[in-house]
There are 2 protein chains.
Amino acid sequence: MGGGPVREDEGTAARILDAAERLVQVRGFNGFSYADIAGELGITKAALHYHFAGKADLGLALIGRYASRFAEALAAIDAAGAGALRPAQRLAEYAALYLGVIQDGRMCLCGMLAAEYPTLPPPMREAVAGFFDENEAWLEKVLAEGRADGSLRFPGTARESARMVIAALEGAMLTARPYSDAERFRAVAASILAGLAPDAAAERSPA
Amino acid sequence: MGGGPVREDEGTAARILDAAERLVQVRGFNGFSYADIAGELGITKAALHYHFAGKADLGLALIGRYASRFAEALAAIDAAGAGALRPAQRLAEYAALYLGVIQDGRMCLCGMLAAEYPTLPPPMREAVAGFFDENEAWLEKVLAEGRADGSLRFPGTARESARMVIAALEGAMLTARPYSDAERFRAVAASILAGLAPDAAAERSPA
DNA sequence: GTCTATACAGCGATAGAC
DNA sequence: GTCTATCGCTGTATAGAC
């Protein structure tokens with residue numbers, strides 16, 4: 001899901017999305033301009049407006065593509081090992097997804113947008129909330145399954161712990177920013193997983 | 001001195017900081033302008049520049065005041081109960097500090113600035129990192145004490161778990177923003193504490 | 001689909017009167 | 001200490017040529 005250029009014959013719209021995605025993840029939605037993207041791609045601001053009429057349209061497309069990729073990655077985890085991955089392993093894969101996001105000084109697109117939430121156009125707000133809802137639903141399912149088979153232990157409901165996991169991983173990305181240190185994120189992620197699966201010491205590395 | 005209809009005896013500089021603090025916590029450092037503060041206080045942008053020469057100076061003063069208040073709050077926790085508060089209780093008080101921050105759609109000042117980190121002037125960056133370092137040191141001390149007396153249990157080092165706690169609480173503020181729901185934050189905070197003090201189910205929640 | 005050119009609002013910041 | 005006035009720059013967005 002990390003984003004980044006995919007192929008060389010990628011269309012202009014996709015290249016705009018790639019550059020904008022990186023800029024939002026690094027500098028925030030209020031921290032970049034059409035001029036930044038135009039300069040990076042070697043086109044003019046006017047050309048950008050042809051592909052995405054306004055910044056709000058661009059932002060909405062950004063979230064849609066990002067959420068789709070994330071959903072595909074979650075489906076891939078469910079399908080891995082012919083659907084035989086144990087809950088703790090799926091959690092580790094989930095954390096590994098986040099590890100792939102933070103490269104190059106980025107943080108989660110929707111985590112960044114959550115910080116800027118009050119300044120976002122309403123359509124973007126709804127899309128951001130939807131992203132978190134989907135992650136929460138997937139994690140709740142995994143956690144409930146892990147509790148049922150005894151491989152995961154946590155207090156309260158599976159939904160509450162799902163929210164805790166998302167909060168901790170997003171917060172780990174956020175608080176790692178001042179230190180430009182991916183290892184710092186990895187250690188925090190490992191600490192979270194270890195707290196949920198105290199028995200499975202060998203399963204907890206998200207790398 | 002001059003007499004506008006001011007609520008209190010608070011000086012202009014302090015009132016500027018109050019307004020700016022709220023604006024940064026809600027909209028981010030890149031999401032407000034001198035005009036916003038001036039309009040709110042009924043003064044002009046030029047008057048603002050008299051008190052804080054540039055936006056970077058204002059931002060630095062903001063972090064300094066915020067960090068000082070936080071340090072005082074931590075010292076108050078250490079002093080509470082004549083220094084007899086148990087580690088789990090001190091942790092709960094720590095989480096309660098965060099709960100007081102998120103009112104009115106705010107999030108932690110330094111959490112917000114961490115998201116905007118790459119766009120901040122270098123002096124502000126150093127101050128933000130210092131805030132997290134201080135929190136980490138305080139938490140590490142509490143966690144180590146809790147492990148020593150058997151009241152807290154966690155994997156890895158006390159420092160790693162301290163970073164996990166900060167990440168989870170900051171992330172809980174971040175991910176609660178789309179839902180405008182303080183209860184959502186409270187539940188996540190309780191989930192974190194419960195994971196560290198599994199024996200103390202009756203341990204008071206951060207409310 | 002991309003360009004040049006431009007409109008127009010907003011930004012941080014400064015000079016000088018009072 | 002606050003004001004009016006203004007500067008230079010950047011922001012998003014648009015019109016119309018090619």
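Residue numbers start from 1 in every chain, and the chains themselves are labelled A, B, ... in the order their sequence lines are given, proteins ahead of strands.
With sequence neighbours left out, A:R177 forms a side chain to side chain donor-acceptor pair (under 3.5 Å) with no residue at all. For A:Y50, the side chain to side chain donor-acceptor pair (under 3.5 Å) criterion is met by no residue, not counting sequence neighbours. Residues meeting the ring-ring contact (aromatic ring centres under 6.0 Å, His included) test with B:F132, sequence neighbours left out: none. A:Y94 is linked by a side chain to side chain donor-acceptor pair (under 3.5 Å) to A:Y98, A:N135, counting only residues two or more places apart in sequence or in another chain. With sequence neighbours excluded, no residue forms a salt bridge (Lys or Arg N to Asp or Glu O under 4.0 Å) with A:R147. Not a single ring-ring contact (aromatic ring centres under 6.0 Å, His included) links B:H51 to another residue, sequence neighbours left out.
Heavy-atom nearest nucleotides on DNA chain D were determined for B:T12 and for A:F52, and the one closer to the 5' end corresponds to B:T12.
For residues 72-92 of chain A, there are no ring pair (Phe, Tyr, Trp, His ring centres under 6.0 Å) pairs, not counting sequence neighbours. Pairs of residues two or more places apart, or lying in two chains, that qualify as side chain to side chain donor-acceptor pair (under 3.5 Å) and include a residue from residues 100-110 of chain B are B:Q25-B:R106.
Side-chain polar atoms of A:R65 and A:S68 form no donor-acceptor pair below 3.5 angstrom.
Contact check for B:D78 versus B:K141: side-chain heavy atoms found under the 4.5 Å cut-off.
Across residues 28-38 of chain A, not one residue has a non-hydrogen atom less than 4.0 Å from an atom of DNA chain C. Taking a 4.0 Å limit (strictly below) on heavy-atom distances, residues 40-50 of chain B reaches DNA chain D at B:G42, B:I43, B:T44, B:A46, B:A47, B:Y50. Residues from residues 20-27 of chain B with heavy atoms under 4.0 angstrom of DNA chain C: there are none.
The span of DNA chain C lying next to chain A, judged by atoms under 4.0 Å from heavy atoms, is bounded 5' to 3' by C:dG1 to C:dT4.
A salt bridge is defined here as a Lys NZ or Arg NE, NH1 or NH2 lying under 4.0 Å from an Asp or Glu carboxylate O, and A:E21 with A:R69 meets this definition.
For A:Y179 (side chain) and B:A129 (main-chain N/O), a donor-acceptor pair under 3.5 Å exists by modelled atom type.
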